[in-house]
Amino acid sequence: MKKILPCILSVVAFIHLSAQSSFIQNIYARNYLSLDGRWHYIVDPFETGFRGFQGAKADEDEKLGGFFQNKQQQSKSELIEYNFLKAPTLNVPGDWNSQDKELVYYEGTVWYEHDFNFHPQPDKRYFLRFNAINYEAYISLNDKKLGIHAGGFTPFEFEVTKQLNDGNNFIVIKVNNTRKKENVPTDNFDWWNYGGIIRDVMLAEMPQAFIKDYKIQLAKKNLKTIEGFVQLNGVSFSQQIKINIPEAGLQTTVTSDANGKATFTIPVKKLEYWSPENPKRYKVSITTNTDSVTDEIGFRTIETKGADILLNGKSIFLRGVCLHDENPLIPGRPRNIDDCKLLLNWAKELNCNFVRLAHYPHNEEEAKLADSMGLLLWEEVPVYWTIDWTNDSTLRNAEHQITDLISRDKNRASVIVWSIGNETPSIPEREKFMEAMADSAHALDSTRLISAALLAHNEDSTTIEINDALGKKLDVVSFNEYYGWYMGGMPWEINKYNFKIDFDKPVIISEVGAGALGGFHADSATRFSEEYQESVYKNQIQLISKIKNLRGVTPWILVDFRSPKRMNPDYQNGWNRKGLISETGQKKKAFFVLKDFYEKKEKEFNVVKY
Ligand code: GCU
């Protein structure tokens, strides 16, 4: 039985996932009870508490057994070998690695349990929402099965109207972050495999018929038309839907079809367009006779034209930096909006107008923050290095993650690039996979740019060639290159190189950089010294400036980050040291080299205020 189980599970998981791809849009603007706080946990490397989770569909009556029962000893002679109430607690949201010293390196199963008192209203519907759990989660409420989710960085939810008790309720979740070849990401990556309930948990209270999803943005390449859709849930007949943008004097009323969907266009008279220099957002409200929701939305167009990237019709240079979703001061996954602010403020100090959120969907709040701070974003799914290309369920998982990411952040003006992967080898079985991903992303959102971080390679001794066939499918050609660090000799030798790029499209250098231990000073030939890193940046700026279609760069990386692959005892100790800022927040010399370059670039592109 054990042998069959895993493969059945993986198929079941994906069937289940596709059913879950749509979740309530803009959950933070809805009525909800936060279930964040201290959750009990039991570490269970042997999965002793697991007695199976047959089938996918929630089964109201079926009792789950195992730890899902959350049993308490009733009599002195009863044998129970676990007790959540007496178990220690972890903070939710938060990864377990940074909260329990014994779990720093732990990969496996941890059980979470949380009690909450609640009195459901008869005319309301309830949804249990998880904004991210890494990696695989088996979810139950009151010993009733809700479902399974795989994928560590995107939201999912279950309707629990029928499973809720009037009074005490308990949630039990089996979380497992074991790395597997067939997962997305696969079993090898250069960041810390933080496990657990890493983002907010909420119980959302919705009317019987409510506004589930919507998109409201400018039409593709069109500054004069707002277009979008609204998807209602729980309706069986068409409804009036009012979309109102009072400050812009814009509104429309449309009628949904029998499936609760309505599409609309609104001609624009006068509008302040969103840009990094002027991150103007408008209050937008959507109202039906049973529900309403308000959002803060910026309106801008993004497109490419030849070698240019046009923001609101004007050419822009993307002064960027890469970033992991990690607060180095913890170190751990961001636990609140302030952790996100810390990171984006550092990017602003670097004079960035663009941030590549690597290599997986970051905290939902980060995109909203970027909207308000005037930072453009590149968002990505963790199709990273050597994915299990020929495994259909791996492709479905990857497509599911890009679908969820685009669904979650489609109303964010800051988001201009969807990236379908990073450093994937150009081999036939990968072509098929990545072309399918590109097609899905284009189909899901034609108003934004689709890209991926490609690999450059040396054709001959001095030519860096970018000829990855996937480039054909991408709006912007982006590639990573580490000349002066992993190849190409010493920093001052890299200027002998030239680029041969087989696509006449805008080019973004999606990674470039070098390691340095903050505070370690020596000559520029000494690895891991700030001077070496500084020299790489100075020479790289000259090298990449040779690219005539260069329209952006996102050096690797804003701040040092944890990685179990970096174990040099003198300089790394579990940290990737390519940050421009150290893990204690100290700016390294290279930070100022890049900042200066960006000041020049800003003047050069001289983006006019709208
Ligand atoms: C790779 C990869 C990063 C990694 C970096 C490095 O290009 O995309 O995830 O951390 O290089 O080697 O530091």
Side-chain angles (χ1 to χ4, degrees), residues 6 10 13 45 95-97 103-109 132-136 150-154 175-196 198 322-326 331-333 356-362 380-402 419-434 437 452-457 468 470 479-482 485-487 510-511 513 515 556-557 560-568 572-579:
S10 67
D95 58 270
W96 61 60
N97 314 70
L103 299 181
V104 172
Y105 285 95
Y106 183 69
E107 295 181 302
T109 286
I133 296 182
N134 191 48
Y135 177 83
E136 186 186 62
F153 305 102
T154 46
V175 178
N176 184 298
N177 73 335
T178 304
R179 285 170 288 114
K180 296 182 185 151
K181 183 171 177 308
E182 68 273 21
N183 286 358
V184 181
T186 184
D187 53 9
N188 179 22
F189 45 82
D190 188 27
W191 64 83
W192 209 268
N193 185 23
Y194 291 115
I198 58 172
C322 289
L323 182 60
H324 264 295
D325 202 23
E326 180 186 78
R333 293 287 179 220
R356 175 186 174 201
L357 302 182
H359 293 293
Y360 39 77
H362 283 212
E380 184 165 298
V381 287
V383 176
Y384 180 96
W385 289 348
T386 50
I387 290 281
D388 194 0
W389 306 113
T390 55
N391 183 330
D392 283 351
S393 72
T394 299
L395 176 57
R396 274 202 303 280
N397 182 353
E399 284 181 330
H400 207 97
Q401 294 195 35
I402 192 86
S419 166
I420 56 173
N422 179 72
E423 294 193 351
T424 52
S426 48
I427 49 175
E429 52 274 32
R430 169 260 193 184
E431 304 314 343
K432 194 162 151 289
F433 189 108
M434 292 307 279
M437 286 292 288
L454 305 176
L455 284 165
H457 61 100
D468 184 332
L470 182 61
F479 61 92
N480 301 352
E481 57 91 357
Y482 280 92
W485 185 253
Y486 288 127
M487 72 283 280
S510 38
E511 284 182 39
W556 190 262
I557 184 165
D560 290 356
F561 64 95
R562 298 281 276 147
S563 169
K565 295 171 72 68
R566 311 290 170 169
M567 290 308 182
N568 175 310
Q572 295 177 315
N573 294 308
W575 290 87
N576 183 311
R577 295 289 184 196
K578 295 192 180 69

Can D388 and K181 be counted as an ion pair, charged N to O under 4.0 angstrom? yes

Distance col, row R333:CZ vs I198:CD1, nearest 0.5 angstrom, shows 5.5 Å

Nearest heavy-atom approach of I420 to A452 is CG1-CB, 3.8 Å

The residue among W192, W556, Y194 that forms ring pair (Phe, Tyr, Trp, His ring centres under 6.0 Å) with F561 is W556

W385 backbone acceptor or donor facing T424 side chain under 3.5 Å: no

Taking the six-membered ring of W191, is the NZ or CZ of R562 close enough (under 6.0 Å from the centre) and on axis enough (within 45°)? no

Could you tell me which non-hydrogen atom of R179 sits nearest to which non-hydrogen atom of E107, and how far apart they are? NE-OE2, 2.5 Å

Side-chain donor-acceptor contact under 3.5 Å, N97 with N193: no

Are E380 and R356 side-chain neighbours, meaning at least one heavy-atom pair lies under 4.5 Å? yes

Please check if the side chain of Y106 supplies one atom and the backbone of G195 the other of a donor-acceptor pair under 3.5 Å. no

Evaluate F479 against D468 for side chain to side chain contact (heavy atoms under 4.5 Å, CB included), listing each step before the verdict. CA-CA 10 Å; F479 61 92; D468 184 332; over 6 Å; no

Can you tell me how far CG of N397 sits from CG of D392, rounded to the nearest 0.5 angstrom? 12.5 Å

Straight-line distance of M437 CE to L470 CG, nearest 0.5 Å: 10.5 Å

Drop me the distance from T386's OG1 to N188's CG, to the nearest 0.5 angstrom. 6.0 Å

Distance-only, no hydrogens or angles: does the Y135 side chain make a donor-acceptor pair with backbone N or O of V184 under 3.5 Å? yes

Rounded to the nearest 0.5 Å, the CE atom of M434 sits from the OG atom of S426 at a distance of 11.0 Å

Side chains of E511 and E423: closer than 4.5 Å at any heavy-atom pair? yes

Heavy atoms only: give me the nearest I387-P382 pair and the separation to one decimal. CD1-O, 3.9 Å

Can you confirm whether more than 12 heavy atoms, excluding those of K432, are under 6.0 Å from its NZ atom? no

Report yes or no: does D325 contribute a side-chain atom to a donor-acceptor pair with the main-chain N or O of Y360 at less than 3.5 Å? no

Decide if the gap between the ring center of H324 and the ring center of W575 is smaller than 6.0 angstrom. no

For the backbone of A453 and the side chain of N480, can you confirm whether one donor and one acceptor N or O come within less than 3.5 Å of each other? no

Partner of D190 under side-chain hydrogen bond (donor to acceptor under 3.5 Å, both in side chains), chosen from H359, K565, R566: R566

When you measure from the side chain of D560 to the backbone N and O of G579, does any donor-acceptor pair fall under 3.5 Å? yes

Minimum heavy-atom separation for C322 to S510, with atom names? SG-O, 3.2 Å

Okay, side chain of R577, backbone of G515: is any donor-acceptor separation there less than 3.5 Å? no

Closest heavy-atom pair, F153 versus P185, reported as atoms and distance to 0.1 Å, is CE1-CD, 4.5 Å

Determine the interplanar angle of the W389 and F433 rings, folded into 0 to 90°, and report it as parallel if under 30°, tilted if 30 to 60°, perpendicular if over 60°. perpendicular

Using a distance-only test with no angle check, is there a side-chain donor-acceptor pair under 3.5 angstrom linking N391 and E182? no

